[in-house]
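Below is one structure; the comments refer to it alone.
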Amino acid sequence: MSLRTFVKHLPYNLRFIQSLSTVSRVSTVSRVSTRSCAEETGSFPPRNAIHSDVLRDLLSLQNALLRGQFAWGANAHPFVRSPNDKPIEKSVSKRKLRALLESKKPAFQDRIVQEVLLFILEAVFEPRFSPKSHAFRPGRNAHTVIRTVRSNFAGYLWFLKGDLSGNWEDFGVDVMMECLEKSVKDKRKEEEEEEKGSKKKKKILNENEPKPDPYWLRTFFGFAPEEAAKVPLYGHCGILSPLLANVCLTELDKWMEEKIVKYFKPSGLDSIWRDSINDGSHNPAWPEFVPSSGKEKTRKMDYIRYGAHFLIGIRGPREDAVGIRKELIEFCESKFGFRLDNSTIEIEHITRGIMFLDHIISRRVIYPTLRYTASGGAIVSEKGVGTLLSVTASLQQCIRRFRQLQFVKGDKDPEPLPCTPMLYSGQAHTNSQMNKLLETMADWYRYADNRKKVVGFCAYVVRSSLAKLYAARYRLKSRAKVYKIASRNLSRPLRESSNNSAPEYSDLLRMGLVDTIEGIQFSHMSLIPSCDYTPFPRNWIPDHERIIHEYIKLQNPKFFYELLKSVKHHGLPLPQDQICKLVWDYKTCGVWSCLSRNDNGTKLIESFS
C-alpha cells in the first residue's frame with residue numbers, strides 16, 4: 001500500500017476483497033455493518049435483520065470502493081443510509097441540503113469503510129506490534145499494564161514517565177506512510193501516483209460528540225485515567241486513528257527494545273539478573289519481592305507503553321536515566337519530526353511514588369521469614385530483608401474524580417452530595433445503575449493493594465449520595481431515616497406518603513407490577529473482594545496473537561523444511577502419505593479398511609463398501 005496521501009488512498013486497500021467469493025464478501029461486509037449499526041443505535045442487530053436491499057447497498061458501496069468512485073463525507077448521495085435516518089419521501093429543501101452538506105458529522109458509510117479497513121489492517125499489524133505496547137489493542141488493556149509492572153518492574157530505582165499525547169497531531173503524513181509501507185503495498189496506487197504526482201494533505205476534523213450511554217457508564221468514564229483520556233483522531237480515518245498511532249509508535253518500541261539489550265550489564269553480587277537479561281533469582285510466585293544485595297547492582301532497564309504514555313524503569317544511577325532521556329528526545333526529533341522538552345519526560349525515584357494509570361508505584365522495606373529445604377532434608381527458617389514493590393490506587397485521585405462528577409465536595413474530609421441526575425428515576429432503577437458502577441469500579445481496582453479501602457470508599461460515597469437523594473425525594477429529611485426504613489443497603493422500598501389504601505410492595509412485586517429492588521453492593525468491608533495477586537506470566541501474549549504468529553509461520557518455506565526434516569528424523573508418517581494410501585486403497589479395492597476393538601479388546605477389521 002504505497003500511499004502518498006493516506007486519507008485519499010486508503011479505500012483502495014480493499015482490493016483484495018475482489019478475489020473473495022461472493023458469499024465471503026457479503027459475510028465480511030455484513031459483519032462490519034452490524035458493528036456500525038451498533039455504534040448508531042446502541043445495540044447489535046441480528047444477522048437475519050439485514051434485508052436484501054441493504055445487502056445490495058453494501059455491495060454497491062464495495063464496488064464503488066474498488067472502482068475508485070467512493071468519496072469521504074458524501075452526506076448528500078450516500079450508498080448506504082444510517083438506520084436512524086428517516087426515509088426520503090419528497091425532495092429536500094435548500095436549507096436542509098445546505099445543512100447536510102455543511103454538517104461535520106461523518107457519514108454512516110464512512111463508518112462502514114473504517115470498520116472494514118480496521119478488520120483488515122488489524123490482522124496485518126497485530127503480530128508486528130511490540131509486546132511492550134498495551135493500548136488500543138484487542139486482548140490488552142490497562143490491567144495488563146498494571147500486572148506487567150507488578151511482575152517485571154520490581155528492583156528498578158529510577159523511572160522515566162513520558163507523555164506524547166500532546167504530539168498526536170504532529171505525526172506527519174510522510175512519517176505515517178513510511179511506517180505503513182513497511183508492511184503493506186499497493187502496486188496500482190504506485191502507478192497512479194507516478195502519473196498524477198503528489199497530493200495535498202487532508203484537513204484534520206474536530207472530534208465527534210460522544211454517543212449518550214447509560215448513566216453508570218457515563219459516570220465510570222469520568223474515572224478514566226489521564227493516560228486513557230485522549231484518543232488520537234486523524235481526519236476521515238475515524239476508528240482507524242488509534243491503530244495508525246500504534247503503527248507509528250512501534251518504531252519507538254523497537255528502538256527501546258534495542259536499548260534494553262544494550263544497557264544490560266549483569267553483576268554476580270546482585271540478588272537478581274545475575275547471568276542473563278531474563279534471569280530472576282527471586283521467587284517467581286512472589287515477583288514483587290527483591291532480596292537485598294551488595295553495593296554493586298546489575299544494570300538493567302525495562303519499558304512499557306500505554307497509548308502515548310510510556311514508563312521506563314532503570315536499575316542504575318540517575319546519570320543513566322538522564323542519558324536515556326536525552327537519547328529519547330533526539331530519536332523523536334529525528335524519526336517523528338517533533339522535539340520534546342524535559343518537562344514531558346520526568347525522572348522520578350521509586351521512593352517518591354510514580355503515578356501511572358491512577359495507580360501509585362512505590363516500594364517498602366520488609367523483613368520476611370524465608371523457609372527452604374537444606375541438604376539432608378532439614379527445613380531451615382531465617383529472617384530475610386528486601387524491598388517489596390507496591391501498586392496502590394490513588395485515593396486522592398479517586399476523590400478528585402468524584403468531586404468533578406459532583407458526588408462529593410471538599411478534599412480532606414469529602415462530604416457526599418445527592419445524586420441529582422437520578423432524581424426522576426425509580427428506586428429499583430437507581431440502585432441497579434449504581435450497582436453496575438460499583439461492580440465496574442471494583443473490577444478497575446482489581447490489582448491494587450488497597451482495593452478494599454478504595455472500593456469501600458466508593459461504596460460509601462454512592463450509598464450516602466443515594467440516601468440523600470431518597471431523603472429529598474421521599475421527604476424523610478435525613479439519611480438516618482432512609483437507612484432506618486430501607487436498611488443499610490437501601491434494598492427495602494420507600495414510599496412518598498403513608499397511605500393505607502396503597503397496596504403493599506410485596507403484593508405488587510408478586511403481580512409483576514414493580515421491579516425487584518437490588519441492595520447497594522459492598523455495604524460491609526467483608527463483602528469487598530481482596531486484591532488479585534496472581535503472578536503474570538513473563539512473556540504473556542493473548543491467544544489471538546499466538547494464533548496469528550502460527551499462521552505467519554505457515555507462510556514461511558523454511559518452517560516447512562524444518563518441520564519435514566523433524567518428521568523424517570523421528571520416523572513419523574506424513575499426513576499426505578496416509579491420505580494418498582487411503583485414496584489408493586479406495587480406488588483399487590473399493591473398500592475402506594479401518595481398525596477397531598471389540599468388548600474383549602481384540603482388533604477387528606471392518607470394511608465399508
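Put simply, the side chain of F136 reaches to within 4.5 Å of the side chain of P232, judged on heavy atoms. Looking only at side-chain heavy atoms (C-beta outward), D302 and I304 stay at 4.5 Å or farther from each other. Two residues are said to be in side-chain contact when any heavy atoms from C-beta on lie closer than 4.5 Å; C398 and F223 meet this criterion. F336 is listed as a side-chain neighbour of E251, based on a closest heavy-atom distance under 4.5 Å. A 4.5 Å side-chain heavy-atom check between V116 and V113 finds every atom pair outside the cut-off. Using a 4.5 Å heavy-atom cutoff, the side chains of R147 and T534 are in contact. For the pair K254 and S130, the minimum side-chain heavy-atom distance is 4.5 Å or more. Looking at E122 and P138, their side chains come closer than 4.5 Å, going by heavy atoms from C-beta outward.
Between F402 and F457, the angle of the ring planes goes over 60°, which puts this pair in the perpendicular group of the 30/60° scheme. Aromatic ring orientation, W255 versus F331: parallel (interplanar angle below 30°, classes split at 30° and 60°). Using a 30° and 60° split on the angle between ring planes, F125 and F129 fall in the parallel class, below 30°.
For the residue pair P287 and S151, the shortest heavy atom distance occurs at CB-O, 3.5 Å. In terms of heavy atoms, C458 sits closest to M441 at SG-CE, 3.6 Å. Considering every non-hydrogen atom in both Y263 and G316, the closest pair reads OH-CA, 3.8 Å. Scanning all heavy atoms of the two residues, the minimum distance from A154 to L389 falls at N-CD2, 4.0 Å. In this structure, T351 and H349 approach most closely via the heavy-atom pair OG1-ND1, 2.9 Å. Across every non-hydrogen atom of P242 and V231, the tightest pair is CG-CG1, 3.8 Å.
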key: Test side chain to side chain contact (heavy atoms under 4.5 Å, CB included) applied to L117 and Q114, step by step   = CA-CA 5 Å; L117 292 173; Q114 294 166 6; 5.8 Å; no

ask   = Can you check salt bridge (Lys or Arg N to Asp or Glu O under 4.0 Å) on D532 and R446, steps first, answer last?
value = CA-CA 6 Å; D532 187 357; R446 180 177 181 178; 3.3 Å; yes

task = Begin with the C-alpha distance, continue with both residues' side-chain angles, and end with the deciding distance and a verdict on side chain to side chain contact (heavy atoms under 4.5 Å, CB included) for K452 and S530.
result = CA-CA 6 Å; K452 279 181 170 289; S530 302; 3.3 Å; yes

ask   = What do the steps show when you test T250 against R128 for side chain to side chain contact (heavy atoms under 4.5 Å, CB included), and what is the final call?
value = CA-CA 8 Å; T250 301; R128 293 171 172 83; over 6 Å; no

ask   = Should M301 and F264 be marked as a side chain to side chain contact (heavy atoms under 4.5 Å, CB included) after you check the CA-CA gap, both sets of side-chain angles, and the distance that decides it?
value = CA-CA 7 Å; M301 179 170 58; F264 179 68; over 6 Å; no

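The closest donor-acceptor contact from the side chain of R364 to the backbone of L388 lies at 3.5 Å or more, if one exists at all. Here the side chain of K161 pairs a donor or acceptor atom with the backbone of M355 at under 3.5 angstrom. Under the 3.5 Å distance criterion, the side-chain polar atoms of T344 are left unmatched by any main-chain donor or acceptor of D163. A donor-acceptor distance shorter than 3.5 angstrom exists from the side chain of R325 to the backbone of I345, with no hydrogens or angles considered. Proximity of a side-chain donor or acceptor of H309 to a complementary backbone N or O of L164 within less than 3.5 Å is not detected. Distance alone, capped at 3.5 Å, is enough to place a donor-acceptor pair between the R305 side chain and the G307 backbone.
Residues passing the side-chain hydrogen bond (donor to acceptor under 3.5 Å, both in side chains) test with T392, sequence neighbours excluded: none. Remark: E126 engages R137 in a salt bridge (charged side-chain N to carboxylate O under 4.0 Å, His left out) (not counting sequence neighbours). Residues satisfying the salt bridge (charged side-chain N to carboxylate O under 4.0 Å, His left out) criterion with E333, sequence neighbours excluded, are R339. For E439, there are no salt bridge (charged side-chain N to carboxylate O under 4.0 Å, His left out) partners, not counting sequence neighbours.
Ion pair R352/E346 not flagged as a salt bridge, since none of the NZ, NE, NH1 or NH2 atoms sits closer than 4.0 Å to an Asp/Glu carboxylate oxygen. The pair R111-E115 counts as a salt bridge, with a side-chain nitrogen and a carboxylate oxygen less than 4.0 angstrom apart. Using a cut-off of 4.0 Å between Lys/Arg side-chain N and Asp/Glu carboxylate O, R400 and D358 are scored as not salt-bridged.
To the nearest 0.5 Å, atoms CZ (F310) and NZ (K132) are separated by 14.5 Å. The CD atom of E348 sits 9.5 Å away from the CG atom of L311 when rounded to the nearest 0.5 Å. If you take CG on L243 and SG on C248, they are separated by 10.0 Å, rounding to the nearest 0.5 Å. Atom CG of N450 and atom OG of S390 lie 7.5 Å apart (nearest 0.5 Å). Here the straight-line distance linking atom CZ of R363 with atom OG1 of T387 works out to 5.5 Å at 0.5 Å rounding. Considering CG of D543 and CD1 of I548, their distance stands at 11.5 Å, rounded to 0.5 Å.
Other residues, nucleotides and ligands contribute at most 12 non-hydrogen atoms within 6.0 Å of the OH atom of Y551.
A donor-acceptor contact closer than 3.5 angstrom is absent between the side chains of Y306 and N141. Judged purely by distance below 3.5 Å, without hydrogens or angles, the side chains of D253 and Y303 pair a donor atom with an acceptor atom.
Screening residues 559-575 for side chain to side chain donor-acceptor pair (under 3.5 Å) gives no qualifying pairs among residues at least two apart or on separate chains. Contacts classified as salt bridge (charged side-chain N to carboxylate O under 4.0 Å, His left out) and involving residues 306-323 (residues at least two apart or in different chains) are given here: D270-R315, R299-D320.
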